Amino acid sequence: MIDKLAASVEEALQGTPDGATVLIGGFGTAGIPDALIDGLIAQGARELTVVNNNAGNGEAGLAALLKAGRVRKIICSFPRQADSFVFDGLYRAGRIELELVPQGNLAERIRAAGAGIGAFFCPTGYGTELAAGRETRVIDGRHYVLEYPIHGDLALIKAECGDRWGNLSYRKAARNFGPVMAMAAKKTVATVHEVAELGTLDPEAIVTPGIFVSRVVKIGRTATQAGGFKKKEVA
C-alpha cells in the first residue's frame, strides 16, 4: 500500500545531508513552507545551497535558515527587499554566496531539470554581467545565452490539499514554484492543510501528481496579516 503521509515534519526530513541543494517554494510571502523550513533548521543540515525566488523576509522562514548559518549559497532572483536584512548582513560580511538569476530563467532552469532537458538557450541576460564568460549563440538573428538546469536533492513546498499517494492541489498564488520544484528534486516534501481520501480529488484539480512527491505532512492553518506577518495559529 502506498502511503506517503508522514506523522511529523521531523520524520519527513530525516536523512537530509550536509551540502544538499534545497529547492524552497514561495514567492514573496506567498506559499512559503515555513513549517518545513523550521524543521530543516531543527534537523541540522549545513552547508546548504538554497534555491528560492527571494532571499528571505524579516527573521522567519528562509531568513531564519540563513540566520542559523546553515546556507552556503543561495540561488535566487530578488535578494534585496525592504526586510531582507538577514541576507544583506551575511552577504556584506562575505558569509554567503549569491547566484543571481532572472526570474523567468530561474523557473525554466528548475522546470528543465524536471523535464530531463540537458540545457537550453534563453535571450534574457544577454549583453549583461549575468552572461559574462558563458556560451552564447545567435538563433534566427537573436542572441541567446546557454542555461543549465537546477536539480535539487530536496524540495520543500506548501500545498493546500493532498492524499496519501502524494497528489497535490494548491491555493491560488501559493502554487508559484511548487509544481516545478517538485519535479526537479530527488526528494519532495509537501505540507498540506487537508488530507483527502483516495479518489476524492478531482483529477483536473491535481496540479502535482504523487509520482513527484515523497512525503506529505498535514499542518494547521496559520492566519496572516498583510505583508505575511503571522498571527496566532487557528484551528
Side-chain angles (χ1 to χ4, degrees), residues 2-14 16 20-43 50-54 56-57 60-62 64-65 76 103 106-107 110-111 113-115 150-224 228 230-231 233-235:
I2 298 174
D3 188 355
K4 298 181 179 181
L5 297 175
S8 65
V9 168
E10 179 184 13
E11 176 186 313
L13 295 178
Q14 282 180 354
T16 303
T21 296
V22 185
L23 315 179
I24 300 179
F27 184 95
T29 57
I32 298 175
D34 288 307
L36 295 177
I37 296 172
D38 290 345
L40 187 60
I41 295 172
Q43 189 269 343
V50 166
V51 183
N52 185 263
N53 187 67
N54 301 80
N57 302 86
L62 178 54
L65 184 63
C76 71
Q103 189 176 76
L106 181 69
I110 298 168
R111 191 200 70 82
I150 299 175
H151 297 269
D153 298 299
L154 173 67
L156 306 180
I157 59 178
K158 179 179 180 180
E160 179 70 11
C161 182
D163 60 26
R164 66 175 175 84
W165 282 358
N167 297 310
L168 303 175
S169 62
Y170 300 83
R171 184 180 185 277
K172 301 181 180 181
R175 171 174 170 172
N176 52 71
F177 288 87
V180 291
M181 287 184 169
M183 294 175 63
K186 297 176 183 176
K187 176 181 179 179
T188 294
V189 178
T191 58
V192 298
H193 296 306
E194 299 176 15
V195 176
E197 293 295 325
L198 285 182
T200 61
L201 287 177
D202 181 351
E204 297 299 324
I206 294 173
V207 180
T208 298
I211 192 172
F212 298 116
V213 178
S214 308
R215 304 293 276 168
V216 175
V217 186
K218 183 179 179 181
I219 62 171
R221 297 183 185 276
T222 302
T224 60
K230 291 183 179 180
K231 293 181 180 178
E233 188 169 291
V234 296

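No hydrogens, no waters, no symmetry mates; every other heavy atom, side chains included, goes into these values. Please read all numbers here as calculations on a predicted model, not as lab measurements.
Considering every non-hydrogen atom in both P209 and V207, the closest pair reads CD-O, 3.5 Å. Between N54 and G28 the shortest heavy-atom distance is OD1-N, 3.0 Å. Minimum heavy-atom separation, G178 to I157: CA-CG2, 3.7 Å. Residues T21 and H151 approach most closely at CG2-O, 3.4 Å, considering heavy atoms. Taking each heavy atom of L36 and V189 in turn, the nearest pair found is CD1-O, 3.4 Å.
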Side-chain donor-acceptor pairs under 3.5 Å in residues 195-203, sequence neighbours left out?
unit_1 : atom_1 : unit_2 : atom_2 : d
T200   : OG1    : E197   : N      : 3.4
T200   : OG1    : E197   : O      : 2.6
D202   : OD1    : E204   : N      : 2.9

Using a 3.5 Å cut-off and no angle test, enumerate the donor-acceptor pairs between side-chain atoms of residues 6-13 and protein atoms at least two apart in sequence or in another chain.
unit_1 : atom_1 : unit_2 : atom_2 : d
S8     : OG     : E11    : N      : 3.1
E11    : OE2    : R215   : NH2    : 2.4

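One finds the OG1 atom of T191 at 4.0 Å from the CD1 atom of I219 (value rounded to the nearest 0.5 Å). For the atom pair CG (L168) and CZ (R175), the distance works out to 11.5 Å, reported to the nearest 0.5 Å. Distance CG/N52 to CG/L62: 5.0 Å, rounded to 0.5 Å.
For the pair S214 (side chain) and K187 (backbone), a donor-acceptor distance under 3.5 Å is absent. N176 places a side-chain N or O within donor-acceptor distance of the main-chain N or O of A173, the cut-off being under 3.5 Å. Formation of a donor-acceptor pair under 3.5 Å by the N53 side chain with backbone atoms of F27 is not found in this model.
Just one of L23, V22, I24 meets the side chain to side chain contact (heavy atoms under 4.5 Å, CB included) condition when paired with V51; it is L23.
Listed by first and then second residue, the side chain to side chain donor-acceptor pair (under 3.5 Å) pairs that reach into residues 157-172 are E160-R221, D163-N167, Y170-T208, sequence neighbours excluded.
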